[in-house]
Amino acid sequence: MTQRFLFPHERLPEVAETLRHEVRAFLREELAAGGFVPGSDSWMNASPEFSRKLGRAGWLGMTWPRKYGGAERSSLERYVLTEELLSAGAPVGAHWISDRQTGPMLLRYGTEEQRMRFMPGIARGECYFAIGMSEPDAGSDLAAVRTRADRVDGGWRLTGRKVWSSFAHEAHCMIVLCRTSPKDENRHAGLSQLLVELDAPGIQMRPILNLAGHHHFNEVVFDEVLVPDTRVVGEIGDGWKQVVSELAYERSGPERFLSYYPVLASLLGPLAAQIGQANNLADSPLTTAVGALVTQLATLRQMSLSIAGRLQAGASLEIEAAVVKDLGTRFERLLPEQARLIAASAGISLHEGEFGRLLAEAVLRAPSSTLRGGTNEILRGAIARGLGLR
Ligand SMILES: Cc1cc2nc3c(=O)[nH]c(=O)nc-3n(C[C@H](O)[C@H](O)[C@H](O)COP(=O)(O)OP(=O)(O)OC[C@H]3O[C@@H](n4cnc5c(N)ncnc54)[C@H](O)[C@@H]3O)c2cc1C
């Protein structure tokens with residue numbers, strides 16, 4: 001039977017709105033004190049100092065049990081925190097993966113020793129993880145990974161090469177997807193996840209510069225790296241199942257449609273000034289174009305929030321999350337382009353001021369939105385399967 005998607009309206013609880021005011025006050029103070037410069041796509045900007053400040057405020061790992069350094073708050077509160085940080089363009093990249101992905105994964109599949117060892121440091125904003133999934137010949141087709149771990153006394157010897165590893169050069173650990181038994185007819189069998197401490201002997205790291213010329217990605221080479229049994233995550237052979245559930249954590253959050261919001265926000269001031277000078281702009285196609293962006297943003301937010309609310313209630317919504325990521329990241333590609341056209345038509349400089357700076361960053365970064373975390377073509381295949389069309 002064909003599945004339908006439902007995105008019931010979600011209302012944020014009072015406590016989440018209270019938190020919003022606290023976060024805004026914190027961000028205002030940080031900005032005033034020069035704690036950060038707002039950025040486009042700011043979850044790709046890392047500031048360990050900023051992450052530690054969030055940790056001190058109790059805003060990392062905030063949904064986790066207290067014994068692992070968490071604050072036992074709701075995922076809707078975390079949602080509000082996240083949307084405020086991204087809207088402000090705050091540099092959240094250092095802790096992003098560990099807070100969003102690694103902690104929940106350890107809660108689900110990790111051992112008690114792994115949780116106690118790593119989660120409190122993540123919650124303090126001091127311990128960072130990288131994702132070791134992609135390889136030169138295994139991106140969309142992740143089951144093709146060739147990095148392998150061979151059984152040795154007391155652990156595994158890891159050999160292989162990972163690419164596009166975001167912030168691996170600033171991370172303490174990486175969760176590596178690898179093959180622990182040879183490929184057979186079931187390509188998804190025989191894969192496992194190992195938690196690798198990145199200062200272990202046998203690891204080499206090289207920068208891969210992105211389109212903007214920045215060192216964000218890395219190539220990470222493992223040459224017979226010894227990984228003890230205590231660093232196996234979940235069960236040997238269950239890596240595929242674990243990775244799929246890990247990806248679900250990262251697909252429907254505000255980072256899939258708010259990455260370039262600072263560009264839009266910084267356009268509104270100059271645009272209002274232009275409209276003030278030329279009254280006839282008030283009803284112009286420019287304001288209609290801004291309205292169209294805001295409408296899409298509001299709809300995406302409602303869909304994403306709806307998923308957050310249902311995830312909080314324990315639902316499993318991988319297909320709905322893929323829909324939000326597909327629509328949201330297409331919006332992310334559209335926003336800088338539309339903002340550029342609106343600004344150009346209104347006679348606003350594309351090169352100067354806060355808007356010019358954020359726009360320039362966004363133009364170089366937006367192409368990655370529809371690739372990272374699984375490309376849109378792959379997501380649409382998953383959606384089609386979910387609808388019973390494939
Ligand atoms: C900013 C950024 C950060 C990233 N960070 C990390 C990270 O930290 N760790 C990590 O492991 N990876 C990371 N990645 C890698 C990312 O997950 C991969 O780029 C992505 O999964 C696509 O893989 P690929 O680059 O090998 O492209 P390919 O898989 O080679 O795909 C190339 C093109 O072909 C299309 N295509 C492929 N197969 C199909 C198909 N079956 N049907 C239709 N179209 C298809 C794709 O959609 C794409 O357009 C990051 C990527 C970016 C852009």
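Basis for what follows: all heavy atoms, side chains included, without hydrogens, waters or symmetry-related copies. All figures in this text were calculated on a predicted structure; none of them were measured in a lab.
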Residues two or more places apart in sequence or in another chain: which of them pass side chain to side chain donor-acceptor pair (under 3.5 Å) with N210?
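Scan of N210 (side chain to side chain donor-acceptor pair (under 3.5 Å), adjacent residues dropped) gives none.
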Member of R372, K325, R100 meeting the salt bridge (Lys or Arg N to Asp or Glu O under 4.0 Å) criterion with E255
R100
Should V176 and V152 be regarded as members of a common hydrophobic cluster, given that ILVMFWY residues are connected when their side-chain heavy atoms come within less than 4.5 Å of each other, either directly or indirectly?
no
For [range], pull every pair meeting ring-ring contact (aromatic ring centres under 6.0 Å, His included), keeping only residues two or more places apart or in separate chains.
| range | value |
| --- | --- |
| residues 55-81 | F26-W59 |
| residues 309-358 | none |
| residues 136-167 | W164-F217, F167-H216 |
| residues 188-210 | H188-W240 |

Tell me every residue that passes side chain to side chain contact (heavy atoms under 4.5 Å, CB included) with [X], counting only those two or more places apart in sequence or in another chain.
| X | value |
| --- | --- |
| R52 | P48, E49, R56, E126, Y128 |
| R161 | P136, E219, V221 |
| I378 | S140, T375 |

So does [X] pair up with [Y], basic N to acidic O under 4.0 Å?
| X | Y | value |
| --- | --- | --- |
| R357 | E354 | yes |
| R148 | D150 | yes |
| E332 | R256 | no |
| E10 | R301 | no |

Residue set satisfying ring-ring contact (aromatic ring centres under 6.0 Å, His included) with F118, at least two apart, ordered chain then number -> F129
F7: ring-ring contact (aromatic ring centres under 6.0 Å, His included) partners, not counting sequence neighbours:
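Residues passing ring-ring contact (aromatic ring centres under 6.0 Å, His included) with F7: none at all.
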Side-chain hydrophobic cluster, 4.5 Å single linkage: members besides V15:
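Direct or chained contacts put V15 with none.
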Check residues 85-96 and write down every donor-acceptor pair under 3.5 Å in which the side-chain atom is one partner and the other belongs to a residue at least two apart or another chain.
from: S87; atom 1: OG; to: E83; atom 2: O; distance (Å): 2.6
from: H95; atom 1: ND1; to: S51; atom 2: OG; distance (Å): 2.8
from: H95; atom 1: ND1; to: V92; atom 2: O; distance (Å): 3.4

List the steps and the verdict of side chain to side chain contact (heavy atoms under 4.5 Å, CB included) for Y260 and S369.
CA-CA 10 Å; Y260 305 105; S369 285; 3.5 Å; yes
How far apart are the C-alpha atoms of L198 and M205, what are their side-chain angles, what is the distance that settles it, and do they pass the side chain to side chain contact (heavy atoms under 4.5 Å, CB included) test?
CA-CA 9 Å; L198 290 171; M205 217 177 283; 4.2 Å; yes
